[in-house]
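When reading the values below, keep in mind they use all heavy atoms of this one structure, side chains included, and skip hydrogens, waters and symmetry mates. Chain A is the first sequence line, chain B the second, and so forth, proteins listed ahead of strands; every chain is numbered from 1.
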2 protein chains.
Amino acid sequence: MNLKQQRRQAGLTLAQLSERAALSKGYLSKLERGLATPTIAVALRLSRALAVSLAELYPELGEAAPGTDCTTLQRRDATPLLLPQNGAGYRALAGAQAGRRMQPLLVYPPAELGAAPTLHQHAGEEFFYVLHGTVALHFADETITLGAGDSLYFDARRAHRTQSVGDEPAEALVVIAG
Amino acid sequence: MNLKQQRRQAGLTLAQLSERAALSKGYLSKLERGLATPTIAVALRLSRALAVSLAELYPELGEAAPGTDCTTLQRRDATPLLLPQNGAGYRALAGAQAGRRMQPLLVYPPAELGAAPTLHQHAGEEFFYVLHGTVALHFADETITLGAGDSLYFDARRAHRTQSVGDEPAEALVVIAG
DNA sequence: TCAAAAAGTTTCCTATAGGAAACTTTTTTG
DNA sequence: CAAAAAAGTTTCCTATAGGAAACTTTTTGA
C-alpha cells in the first residue's frame with residue numbers, strides 16, 4: 001500500500017526499483033495499485049531494495065500476534081536478580097515471551113571483565129539507558145562511556161560487552177527489540 | 001521454515017491449522033516442507049492462526065532494513081524538551097527514523113490533566129519505566145499508579161494518558177515499538 | 001495383531017503471481 | 001508547440017500459489 005510512497009521517498013522510478021529488486025516494472029506497477037499480492041520472498045526483496053523495514057511497506061505485517069495480552073506490571077525489585085556466566089547481572093522486567101516485541105531488562109554490569117571475554121551479540125536493536133553510575137560499553141572497534149542519563153541506541157548485531165566503571169556500581173535499563 | 005515447529009508447539013494437526021487459517025491441508029504440508037512460498041496475505045493468516053509473530057514463522061522477515069545505521073548516542077539533557085498540546089512534555093532520545101524498531105522517549109507527565117482529555121493511542125507496544133516521582137497511568141477502564149523503579153509493559157492500542165502525582169514532578173522513560 | 005481412524009502426502013486442477021513487451025501518458029527539450 | 005524520451009500501464013503469457021480429493025503412512029484401540 002505504502003509501496004508507492006516509499007519508492008517516491010527514495011527517489012526511484014519503477015524502472016530503477018525494478019532493477020534493484022529484480023522484479024519487472026509492470027509487476028511493480030500492479031503491486032503499487034493493489035492489483036497483486038506479493039509472496040513473502042518478493043516483499044523481502046522490496047524491503048531490501050528500498051532499505052526500509054517490512055512493516056513500513058505492509059503495516060499489517062508489523063502487528064503483534066493477536067489475542068496475546070502483553071501487559072506486564074513490574075514493581076520495583078519484584079523480580080529476581082539473575083547472574084549468568086558472562087558476569088553482568090540482570091532483571092527481566094517483562095518475559096521474552098512469544099509475540100512481544102521488546103524485552104526490557106535492568107542490567108548490572110560487572111566492575112571487572114571476566115577472563116572469558118564473551119561479547120554479547122544478538123539480532124535486532126538495543127536501547128541502553130544508564131540509570132546510576134558510569135558504564136563502559138565495549139564494542140569490537142570502540143568503547144563508549146556513558147554516565148547517568150546518557151543513552152545509546154545501536155544495532156545489537158554489533159558484538160558488545162558492558163563494564164561498570166568508577167566507585168558506584170552501575171545500573172542500566174536495556175530494551176531489546178529482536 | 002519454523003512453521004512445523006510452531007504448529008507442533010501449538011498442539012495442532014495440519015487439519016486443525018487448515019481450518020483455523022482457512023488454508024488447505026495439502027498446501028500447509030507443502031509450506032512446511034518448503035515446497036511453496038506463501039504470499040504475505042497467507043503468511044499473515046498463519047501468524048494469526050498460531051498467535052505468533054510473523055518473525056517467528058519467517059525469521060528473515062523480522063530483520064531490520066539493511067544498510068541503515070541506527071546508532072544514536074544521546075548525552076543527558078542534550079535533546080530539547082518538547083511540549084506538545086496534550087500536556088506531557090517529552091524528549092526524544094532517538095529519532096523515530098525509518099528503519100528503527102523502537103523509539104525511546106523521556107516523558108514528563110503534567111500534574112493536572114488538561115481540559116481536553118485526549119488519550120494517547122497508537123499501534124504497537126509500549127514500555128513505561130518510572131525514573132522519578134509517581135505517575136498515574138490512566139486507561140479507559142483502570143488507572144495504574146507507578147512509583148520510581150516500577151514499570152508497565154502494555155499494548156499501546158489501549159488508549160492511555162499520564163499524570164504526575166505527588167509533590168515531586170515525575171519523569172519516565174518510555175520505549176515504543178511500533 | 002489387525003482393523004479403523006487420524007495424520008500427512010501426492011496428484012491434478014484452477015486462480016493468480018510475476019515477466020516480456022507493446023502501448024499510453026507524462027515530462028523534457030529543441 | 002512538436003518531437004523525443006522517460007515514466008507508467010495494459011496485455012498476454014508462463015510459472016507457481018493454493019484447493020479438492022485420492023492416496024499413503026502412522027497412530028490408536030479392541
For B/E32 and D/dG18, what is the distance between atoms CD and P respectively, to the nearest whole Å?
15 Å

Would you mind classifying the nucleic acid contact of B/T39 as base, sugar-phosphate or nothing, using non-hydrogen atoms under 4.0 angstrom?
sugar-phosphate

Report the residue (B/L35 or A/T37) whose heavy-atom-nearest nucleotide on DNA chain C is the more 5′ of the two.
B/L35

Can you list the residues that meet the side chain to side chain contact (heavy atoms under 4.5 Å, CB included) rule with A/S24, with sequence neighbours excluded?
A/Y27

Please confirm whether the shortest side-chain N or O distance from A/R8 to OP1 or OP2 of D/dA7 is below 4.0 Å.
no

Closest to the B/R33 side chain: C/dG8, C/dG19, C/dT9?
C/dT9

Of all the heavy-atom pairs spanning B/R101 and A/Y153, show the shortest one and how long it is.
N-OH, 3.4 Å

Work out how much the helix from C/dT1-D/dA30 to C/dG30-D/dC1 bends between its end axes, five pairs an end, to the nearest 10 degrees.
30°

Ring centres under 6.0 Å, that's the criterion: do B/F154 and B/F139 meet it?
yes

Mind checking if A/R7 touches a base, just sugar-phosphate, or nothing, with heavy atoms under 4.0 Å?
sugar-phosphate

Numerically ordered, the residues 11-27 of chain B set in heavy-atom contact under 4.0 Å with DNA chain C is B/T13, B/L14, B/K25, B/G26

Which heavy atom of B/G147 sits nearest a heavy atom of B/V130, and at what distance?
O-CB, 3.3 Å

Whole-Å gap separating P (C/dA21) and CG (A/L28)
17 Å

Counting only heavy atoms not in A/D167, do more than 12 fall under 6.0 Å of its CG?
no

Measure CG/B/L31 against P/C/dT10 and give the value in whole Å, please.
14 Å

Taking every heavy atom of B/L46 against every heavy atom of B/A21, the minimum-distance pair comes out as CD2-CB, 4.2 Å

Shortest non-hydrogen separation from B/A170 to B/T134 and the atoms involved
CB-O, 3.6 Å

For the side chain of A/K30, counting heavy atoms from C-beta on, which of D/dT9, C/dT10, D/dC12 is nearest?
D/dC12

Supply the atom-to-atom distance A/L14 CG to A/L23 CG, rounded to the nearest 0.5 angstrom.
11.0 Å

Could you give the CZ-to-C1' distance, from A/R45 to C/dA17, as a whole number of Å?
11 Å

With salt bridge (Lys or Arg N to Asp or Glu O under 4.0 Å) as the test, pick out the partner of A/E32 among A/K25, A/R7, A/R8.
A/R7

